[in-house]
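Bear in mind that the values here come from a model prediction, so they are computed numbers and not experimental data. These values consider heavy atoms only, across backbone and side chains, with no hydrogens, waters or symmetry-generated copies. Here is how names work: the chains are called A, B, and so on, in the same order as the sequence lines, proteins then strands, and each is numbered from 1.
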Amino acid sequence: MLDPQLLRRDLDRVAEALARRGFALPRERLRAIEARRKAFQTEVERLQAERNARSKAIGIAKAKGEDPSGLLAEVAGLGERLQGLERELAEVLREWEAIALEIPNLPHESVPLGRDEQDNRELRRFGEPHTFSFPVRDHVELGARKGWLDAETAARLSGARFTVLRGELARLHRALAQFMLDLHTREHGYLEVNTPLLVLPEVMQGTGQLPKFEADLFAVAGEPRRYLIPTAEVTLTNLVRERILSAEELPLRLTAHTPCFRAEAGSYGKDVRGMIRQHQFEKVELVQIRRPEDSYAALEEMTGHAEEVLRRLGLPYRLVALCTGDLGFASAKTYDLEVWLPSQNRYREISSCSNCEAFQARRMQARFRDPASGKSEYVHTLNGSGVAVGRALIAVMENYQNEDGSITVPEVLRPYLGGVERIA
RNA sequence: GGAGAGGUGGCAGAGUGGUUGAAUGCGCCGGACUCGAAAUCCGGUAUACGGGUUUUCCCGUAUCGAGGGUUCGAAUCCCUCCCUCUCCGCCA
């Protein structure tokens, strides 16, 4: 959520900034609601003050043993009038909030202007795409050879867009996740966290999935309604919801390896093949909770942590700054990491690192106390994939494939596979 | 899932309808005393929103697990829900 003050006082500037990311702010509607809000609130508070003063006088009169009936007559009808106005005020506030919750974050000034993916800006590349002396196979072919990767069986269990992994490939998948967690906890200073996978609606609202993107989520039957997390960003970030942290607790660096569940109806061309886009996948997530003045340095740092995963795996990738039009709902600035996929002869997203500034913090009521001023202030929240495990598996398979269909195990993963150098 | 107990400020813990945003203690901050510290004493110590001066500040409103109700007035009475603890059942 944006700062309500900003929305009240600087509506035109907000509208201009949001237009850069392709969002049309319902300016006139907000202005009208705001005018009503102000009128109702002023009147409600005036009547409340009157009621309080008179009630107090009644109390005093009674304590002195005086007859309060005259005073009682004066307040007759006040309660009902107040109640009516209070209801109207509540209704106006609800209306305002419903709109405010669907307004995306303001893009940071450094975000390149653009309409869609085409306008994203490549910042750097790492590694050279390997040239193969034989026709490359994609991960689906490579996985089919030994029954390692099986979409058909998965479909029988769960429908389209699920995968069964078996044998050495399942093990390699596990090794990747372990490697990432170890790297981030041992070398990058993250605290490993194991979180619930089902969360309440208000938690989804905190990070921005609700109310706008309910269609992307899986909900579970039962009371209260719970949702499967689409990313551990949801649980890791909400760890600080409704808290006022002390300054010494910051920064927080948190990581978790979890399954992620996404409903995301609709097809994406080539991605229906294989395990690029699934309803369920695994990811190692990075989250940082920061003081506002540190958050952009933290974004660079965290992106570096995700990059380090790909570097150590020896996977060629490039770093891209998303343009205003491609930015996620809650993000003020996002870097994507795209890994080289030989079968597609192009780079594909494997990580996304965002600074949400105070957007999520405001929804979650996550603050810290600034020792200098003694005041509480919203924290800044950042999240990044470090990295998507399923896609990392695909990248390893395709980039490390051999002519016979076997796959060389990247050196850093061998300790996790009992020293095995290739799976065949 | 069943039975019982309980949810009050950073913590502990009073408070069963009235000048209560809330006693008291602890903690924390500032000051006094001291060469310094401890002890002692004095003062301060929630959050959000709105309004005024928009820098220290002042005023109003709301908040005692959440929501609703009764009342001129609710931490206190009533209803619904949530959570925690104890015991039983079930379960990896």
Determine the interatomic distance between C1' on G9(B) and the same-named atom on G65(B); round to the nearest Å. 14 Å
Which one, G73(B), U19(B), G50(B), comes nearest to the side chain of Ile60(A)? U19(B)
Euclidean distance, atom CD1 of residue Ile244(A) to atom C1' of U45(B) [Å, nearest integer]: 14 Å
Give Arg362(A) one of three labels, base, sugar-phosphate or nothing, depending on what nucleic acid heavy atoms sit under 4.0 Å from its own. nothing
Length of the CD-C1' vector between Gln48(A) and C72(B), whole Å: 15 Å
By the Watson-Crick or G-U definition, both distances under 3.5 Å, C87(B) is matched with G2(B)
Base paired to U19(B) (Watson-Crick or G-U; both N/O distances under 3.5 angstrom): none
Does the side chain of Asp216(A) reach to within under 4.5 Å of the side chain of Gln209(A), using non-hydrogen atoms? no
Value in whole Å for how far the P atom of A62(B) lies from CG of Leu93(A): 15 Å
Between Arg37(A) and C49(B), does any side-chain N or O lie under 4.0 Å from OP1 or OP2? no
Does any nucleotide pair with A14(B) by Watson-Crick or G-U wobble geometry, both distances under 3.5 Å, and what is it? none
Gln360(A)-Thr381(A) side chain donor-acceptor pair, cut-off 3.5 Å: yes
In whole Å, what separates the C1' atom of A23(B) from that of A12(B)? 14 Å
Separation between the P atoms of U56(B) and U47(B), rounded to whole Å: 15 Å
Carboxylate-amine/guanidinium contact Glu202(A) Arg241(A), below 4.0 Å: no
Expressed as a whole number of angstroms, how long is the span from Leu72(A):CG to G73(B):P? 10 Å
Applying side-chain contact (heavy atoms from CB on, under 4.5 Å), run through Thr153(A) and Arg166(A) and close with a yes or a no. CA-CA 11 Å; Thr153(A) 304; Arg166(A) 292 193 187 91; 3.7 Å; yes
Strictly by Watson-Crick or wobble contacts shorter than 3.5 Å, is anything paired with U34(B), and which nucleotide is it? none
A74(B): pairing nucleotide in any strand, Watson-Crick or G-U under 3.5 angstrom: none
Nearest-nucleotide pick for Ala49(A), side chain only, options being G50(B), C72(B), G60(B): G60(B)
With P as the reference atom in both, quote the distance from U24(B) to A14(B) in angstrom, rounded to an integer. 15 Å
Within the 4.0 Å heavy-atom criterion, would you say Gln5(A) contacts the bases, only the backbone, or no part of the nucleic acid? sugar-phosphate
Measure CZ/Arg51(A) against P/C72(B) and give the value in whole Å, please. 12 Å
Using the P atom in both, what is the distance from C64(B) to A75(B), to the nearest Å? 7 Å
Would one find a side-chain N or O of Ser376(A) under 4.0 angstrom from OP1 or OP2 of A48(B)? yes
Rounded to whole angstrom units, what separation is found between the CD atom of Gln41(A) and the P atom of C49(B)? 11 Å
Base of G18(B) paired with side chain of Lys56(A) (donor-acceptor, under 3.5 Å): no
Does G43(B) have a Watson-Crick or wobble mate here (both distances under 3.5 Å), and if so which one? C29(B)
Check step by step if side-chain contact (heavy atoms from CB on, under 4.5 Å) holds for Ile99(A) and Arg29(A). CA-CA 9 Å; Ile99(A) 296 177; Arg29(A) 234 185 116 202; 3.7 Å; yes
Whole angstrom is fine here: how far is it from CZ in Arg54(A) over to P in G73(B)? 13 Å
Find which nucleotide of RNA chain B each of Arg46(A) and Arg87(A) is nearest to by heavy atoms, and output the residue with the more 5' nucleotide. Arg46(A)
Side-chain N or O of Arg367(A) less than 4.0 angstrom from OP1 or OP2 on A48(B)? yes
Spacing of Asn52(A) atom CG relative to G21(B) atom C1', expressed in whole Å: 13 Å
Scanning all shown strands, the Watson-Crick or wobble mate of C49(B) with both distances under 3.5 Å is G60(B)
Gap in Å between the two C1' atoms, one belonging to C42(B) and one to A46(B), rounded: 23 Å
Residue whose closest nucleotide on RNA chain B lies nearer the 5' end, Ala53(A) versus Pro4(A): Pro4(A)
Is any side-chain N of the basic residue among Arg243(A) and Glu249(A) closer than 4.0 Å to the acidic one's carboxylate O? yes
With the side chain of Glu45(A) defined as its heavy atoms from C-beta on, choose the nearest nucleotide among G60(B), A48(B), A62(B). G60(B)
I'd like to check Tyr416(A) versus Arg174(A) (side-chain heavy atoms, cut-off strictly below 4.5 Å). Are they in contact? no
Select one nucleotide: of C49(B), G18(B), U47(B), the one nearest the side-chain heavy atoms of Arg8(A). C49(B)
Roughly how many Å apart are G68(B) and C82(B), using the C1' atom of each and rounding to a whole number? 14 Å
Does a side-chain N or O of Lys62(A) approach OP1 or OP2 of U19(B) to a distance below 4.0 Å, or not? no
C1' spacing across the pair G69(B) / A74(B), given as an integer number of angstrom: 11 Å
Return the nucleotide paired to U80(B): Watson-Crick means purine N1 to pyrimidine N3 with N6-O4 or O6-N4, wobble means G-U with N1-O2 and O6-N3, both under 3.5 Å. A66(B)
Any idea how His188(A) and His184(A) line up, ring-wise: parallel (<30°), tilted (30 to 60°), or perpendicular (>60°)? tilted
What is the nucleic acid contact for Arg9(A), judged by heavy atoms within less than 4.0 Å: base, sugar-phosphate only, or nothing? sugar-phosphate
